[in-house]
Amino acid sequence: MGFEFLRVDRTGTGSEKWAVVPEHIRKSGSIPLSLADMEVATAPAIIEAMEKAARHGVVGYTMPDGPYREAVISWIQRRHGYTVAPEAIRCTFGVVAALNICVRAFTQPGEGIIIQTPVYPPFHNAVRNNGRVLVENPLINENGRYTMDYADLERKAKDPNNKLLILCSPHNPAGRVWTEEELRRLGNICRENGVLVLSDEIHFDLALRPDRPHHMFCSLGQAFADNAIVCTALSKTFNLAGLCCSNILIPNENLRKIYDAQVLVEGFDCIPYFAYAATIAAYTQCDAWYEALLDLIRDNNRVAEDLIRERIPQAVVSPLEGTYLMWVDLTFLGLYGEEFDRFLAEDAGVWLDRGKKFGQAGDGFVRINLATQQSDVVDVIGRLADAIAAR
């Protein structure tokens, strides 16, 4: 079955991404390739499942029952080769909610939490907004390819005040899919020093290279699974962020008890009604759509890389191993902070995620969302190239 991935008009839908786009950019026809949701519709089978759920007519409190858990287990086994125990699955209103729950459950105010910058902004927020100490373990950038600084990580893990590490796997925005060796090395450092690993794997289905598969942290072995909480969701894979539902995997029983106690304090233990139907449909009926989506992302990435190489040769593009988010170093322009923001919005007329959102090391970078029809990617990169050429 073939699938057409055409951009959908999101006018009048309350889209968070489109709401902040300046009027002059919107009127010019430029598409915002910023916030990480797609500009194309989700899989037809998911839409049909939600329509059927709506016609049922009772939008009541909903729990992850047997069929729901079986769908999640089947997908992870089929796609990632890991068998999840049914009792290990917990559901929350999104991965960001789970990050904050875990920060409050497993650390105390004033304790340190390690993050690997530049990284997804809610990592920073989950630490600071909960009164914990942000401890940065910056990634090493070698001509656009990022690796972990294990010597620095070990020094910081040995500090007894540092209790938790939030891992981004695959990494957003650097596009890395960590190898098994890299994850084991990080995991051993954390285990040896009593640091719990909170692994955000929301992009786990979006590994793009057959030679670089995603390794779920809990699949590395029991010792690693016992020291980890793994956050998954279908929101990125199937463009369902608005359903606010994630599946959190907690293999260790003692960690589950601590997590569950915090959830009771937070005051919710159900899932959104439509997320129930969407999850079962996505994980049991949408393999072909998912494979076609991966092809779209790969094609868009190839076209974007070629166009940047041709039109903006000074830029450094990080190799995209996973996610649909291209990370581009434009520091050759010598523009930073508000000056860089003005150049993008006013001179280029494009709306992209500015790299400084991900940490100071990202200033002068942009993150380009490739999950749209290819003509949008070509148009935005063309506008950016024209503005650079005109400087």
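Quick caveat: nothing in here was measured; it's all calculated off a predicted structure.
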With no hydrogens and no angle check, do the side chains of Asn130 and Asn100 hold a donor and an acceptor under 3.5 Å apart?
yes
Any Lys/Arg nitrogen of Glu321 or Arg145 sitting under 4.0 Å from an Asp/Glu carboxylate oxygen of the other?
yes
Report yes or no: does Arg212 contribute a side-chain atom to a donor-acceptor pair with the main-chain N or O of Ala207 at less than 3.5 Å?
no
May I ask you to test the Asp152-Pro138 pair for a side-chain heavy-atom distance under 4.5 Å?
yes
Is Glu16 atom CD crowded by more than 12 heavy atoms from other residues, nucleotides or ligands, each under 6.0 Å away?
no
Find out if a path of hydrophobic residues (ILVMFWY) with successive side-chain heavy-atom gaps under 4.5 Å connects Val328 to Trp351.
no
Please check: side-chain N/O of Ser219 versus main-chain N/O of His215, any donor-acceptor pairing under 3.5 Å?
no
Under a 3.5 Å distance rule, please check whether Thr323 uses its side chain to pair with a backbone N or O of Leu325 as donor and acceptor.
yes
Reported CD1-to-CZ distance for the pair Ile229 and Arg256, which is rounded to 0.5 angstrom:
11.0 Å
Flag if over 12 foreign heavy atoms under 6.0 Å of CG, Asn143
no
Ring centroid separation for Phe204 and Trp75, is it under 6.0 angstrom?
no
Between Phe365 and the options Phe358, Phe332, Tyr336, Trp327, the ring-ring contact (aromatic ring centres under 6.0 Å, His included) test singles out Trp327
With a 6.0 Å cut-off (strictly less than), is the heavy-atom count around CD of Glu4, excluding the residue itself, greater than 12?
no
Could you pull out all donor-acceptor pairs under 3.5 Å where a side-chain atom in residues 337-349 meets a protein atom, sequence neighbours excluded?
unit_1, atom_1, unit_2, atom_2, d
Asp341, OD1, Arg354, NE, 3.4
Asp341, OD2, Lys356, NZ, 2.9

When you compare the side chain of Leu198 with that of Leu165, does any pair of heavy atoms fall below 4.5 Å?
no
So does Leu35 get a backbone contact from the side chain of Asn369, meaning a donor-acceptor N/O pair under 3.5 Å?
yes
Could you check whether the rings of Tyr276 and Tyr68 sit parallel, tilted or perpendicular, using 30° and 60° as the cut-offs?
parallel
Whether Asp149 and Arg155 form a salt bridge (side-chain N of Lys/Arg under 4.0 Å from carboxylate O of Asp/Glu) is what I want to check.
no
Is there a side-chain contact between Gln373 and Asp376 (heavy atoms, below 4.5 Å)?
yes
Tell me the closest heavy-atom pair linking Leu384 and Val350, and the distance in Å.
N-CG1, 4.4 Å
Tell me whether Arg176 forms a cation-pi arrangement with Tyr146, defined as NZ or CZ under 6.0 Å from the six-membered ring centre and within 45 degrees of its axis.
no
Between Glu136 and Lys156, is the closest basic N to carboxylate O distance under 4.0 Å?
no
Atom CG of Leu196 and atom SG of Cys190: how far apart are they, to the nearest 0.5 Å?
8.5 Å
Closest heavy-atom contact between His80 and Met216?
CB-SD, 3.7 Å
Which atom of Asn172 lies closest to which atom of Arg367, heavy atoms considered:
OD1-NH1, 2.9 Å
When rounded to the nearest 0.5 angstrom, what is the spacing between CZ in Phe217 and CD in Glu201?
8.5 Å
Please determine, by modelled atom types, if Thr92 and Ser246 share a side-chain donor-acceptor pair under 3.5 angstrom.
yes
About how many Å separate CG of Leu240 and CG of Leu243, when rounded to the nearest 0.5 Å?
5.0 Å
Throw together a table of side-chain donor-acceptor distances under 3.5 angstrom for residues 40-62, partners on residues two or more places apart or in other chains.
unit_1, atom_1, unit_2, atom_2, d
Thr42, OG1, Phe238, O, 2.6
Thr62, OG1, Gly60, O, 2.8

Quick one: pull up CD1 in Ile250 and NZ in Lys257 and give me the separation to the nearest 0.5 Å.
13.0 Å
Verify, without hydrogens or angle tests, whether Glu305 (side chain) and Val317 (backbone) share a donor-acceptor contact under 3.5 angstrom.
no
For the pair Arg311 and Asp386, find out whether any cationic side-chain nitrogen is under 4.0 Å from an anionic carboxylate oxygen.
yes
Sequence neighbours excluded, the answer for salt bridge (charged side-chain N to carboxylate O under 4.0 Å, His left out) partners of Asp211 is Arg209
